[in-house]
Participant: 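So that we are looking at the same thing, I have put the structure below in structure tokens.
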Amino acid sequence: MSINEIQDQIINDFSLLDGDMEMSNIYLMELGQKLTDLPEKDKIEDNVVKGCQSKVWLTAELNNDNVVFYADSNTAITKGLVSLLVRVYSNQSPQDILNSELYFIEKIGMSRFIGTQRSNGFGAMIKQMKLYAIALQAKTE
Amino acid sequence: MEKIIQNIDIKAIRKDFPILSQQVNGKPLIYFDNAATNQKPSSVIHALTSYYSHDNANIHRGNHTLADRATAAFEDTRKAVQQFIEAKEAEEIIFTSGTTESINLVASTYGRANIKEGDEIIISGMEHHSNIVPWQLLCEEKGAVLKVIPVNELGEIEFSKFEQLLSEKTKIVSIVFASNSLGTINPIRKIIDKSHQFGAIVLVDGAQAAAHLEIDVVELDCDFFALSAHKMYGPTGVGVLYGKRELLESIPPYKGGGEMIKEVTFENTTYNDIPYKFEAGTPNIADVIAFKNAIEFINKIGKETIAEHEIELLAYATEKIKKIDRVKIIGEAKEKVSVLSFIVDDIHHFDIGQMMDARGIAVRTGHHCTQPLMHQFNIEGTVRASFSVYNTKEEIDELIISLEKIIKIL
Ligand SMILES: Cc1ncc(COP(=O)(O)O)c(C=O)c1O
């Protein structure tokens, strides 16, 4: 699936929740629980995308010229958000990641997590994913 | 308990706060982030629009009716503050942008003029960053030493350790009256007396005390006292530094500019008298003027009555929250203002804050600008609910029910 197809799928999933914040939070936490845990050895300072209150770890590797992301967080709701980004960007080519525009965050009512103090990490996470894409793109050439 | 219900009509008070009657995420707003900033009564909001609608002019320099009105209103607030903290003279009241600026003012004027290499400054382990960093900067500049009074597991300072820290080298003791993250009320009076015995001056960070505790700066005999209007039903961007006249007169100015001078030539400038010496530039006139309405709001209900209500809410919430499994209160000092900080085993405070917000409940989560204190408790942060006069037991019931549900879900 393309990045935009996945984004549309996520928007569709969340539309069932009808904007209910509590249900959205719970759903996010469920999604977070399903995210493959990052091995403890990767939960190191070097892999931290620092946010204000929650910690996010992020790593990436190439698999058949596509980028695969691994991520984790010490807070349940953030982990859910992180899992969405991993879902959107994993198994995509570096070029597609770099060309992408993320519109699902606003559409599912989560823009409050971008560009505010509590979510520095989230905006920073998107940037970090793109930086990984640039770095890994160099390897594919 | 009955007495309070008779004495203050919370319903009527709540009507006076337009912001409280809204829904957040489909639920009635429950505002429990009062230690960060509390909400404003309509008299304060009205004073702001009224000032700009009728009286706006620059103060002290004008020679026309509007300037006279604005100046008089501005100076009226100074007198109201003077009475509120029982200072001897209105000239001892300096308007700043907040507690942070008040502390910085003292550090960079009194501090720069009086601190030498090897001198010592004492703070406590529960200080807000704004009562830590200015002193660190000063110590770095002067080669002075910052000493920290330890805090015990209840969240109280260890007074005997404080006595051990005091010496002839101690020049400044800067201490929080009431802790924003634990609620602890410190034995300020005793601290001031002890410090004076060693010739040190004392600054009291009264940010969390001003709206909740009786303050009499003469009786306390503190040398400086700092507060923020926005934590006492007043506007943001206004604070106060009280200082004893002799001290304020003896120290150099803070910022240079208009208003703070007597005469300027390129060779020499003479400074204005206090308080203007410390109020360079056009001040925050509108907010200072509206601050008077906040003081009047507190005075009308009575600080004692407000405190009684808040302490009753704190006791009620503390008792209920203690019954919930996995919850641990952080800060169990005997004397507290209405701040309830807690953590829940295995649940991050961020998740609790988000889930509370989804239920319309505004609590604070994080380190509350007291990172060293959090390190001491070996935690990253807490969830903090803090109460003001307009909060109710029903709201606390809602907090408790929500917390129980959230713990179950997470
Ligand atoms: C104890 C204490 N000191 C200082 C401050 C800083 O106040 P302001 O941000 O209004 O300058 C605060 C505010 O959170 C506080 O609670």
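Values below: every heavy atom of this structure, side chains too, minus hydrogens, waters and symmetry copies. Letters A, B, ... are given to chains in the order of the sequence lines, protein chains preceding strands, and every chain is numbered from 1.
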Participant: For residues A/Gln7 and A/Asn4, is any side-chain donor paired with an opposing acceptor at under 3.5 Å?
Facilitator: yes
Participant: First locate atom CD1 of B/Ile396, then atom CD1 of B/Ile361, and finally report the distance between them rounded to the nearest 0.5 Å.
Facilitator: 11.0 Å
Participant: Contact part of B/Asp351 toward chain A, heavy-atom cut-off under 4.5 Å: side chain, backbone, both or neither?
Facilitator: both
Participant: Can you name the nearest heavy-atom pair linking A/Lys130 to A/Tyr89, along with the distance?
Facilitator: CE-OH, 3.5 Å
Participant: Does the side chain of B/Asp397 pick up a donor-acceptor pair with the side chain of B/Tyr316 at under 3.5 Å?
Facilitator: yes
Participant: Are more than 12 heavy atoms, taken from residues, nucleotides or ligands other than A/Asn64, located less than 6.0 Å from that residue's CG atom?
Facilitator: no
Participant: Will you find, in the side chains of B/Glu395 and B/Tyr31, an N or O donor that is under 3.5 Å from an N or O acceptor?
Facilitator: no
Participant: Could you grab the distance from atom CG of A/Leu58 to atom OH of A/Tyr132, nearest 0.5 Å is fine?
Facilitator: 5.0 Å
Participant: Taking atom types as modelled, is there a side-chain donor on B/Ser181 or B/Thr370 under 3.5 Å from an acceptor on the other?
Facilitator: yes
Participant: How long is the span from the CZ atom in A/Phe104 to the CG atom in A/Leu85, to the nearest 0.5 Å?
Facilitator: 4.5 Å
Participant: Under 4.5 Å, heavy atom to heavy atom, which residues of residues 398-410 of chain B contact chain A?
Facilitator: B/Ile409, B/Leu410
Participant: Among residues 27-40 of chain A, which ones touch chain B with a heavy-atom distance under 4.5 Å?
Facilitator: A/Met29
Participant: Side chains of B/Tyr233 and B/Asn34: any donor to acceptor distance under 3.5 Å?
Facilitator: no
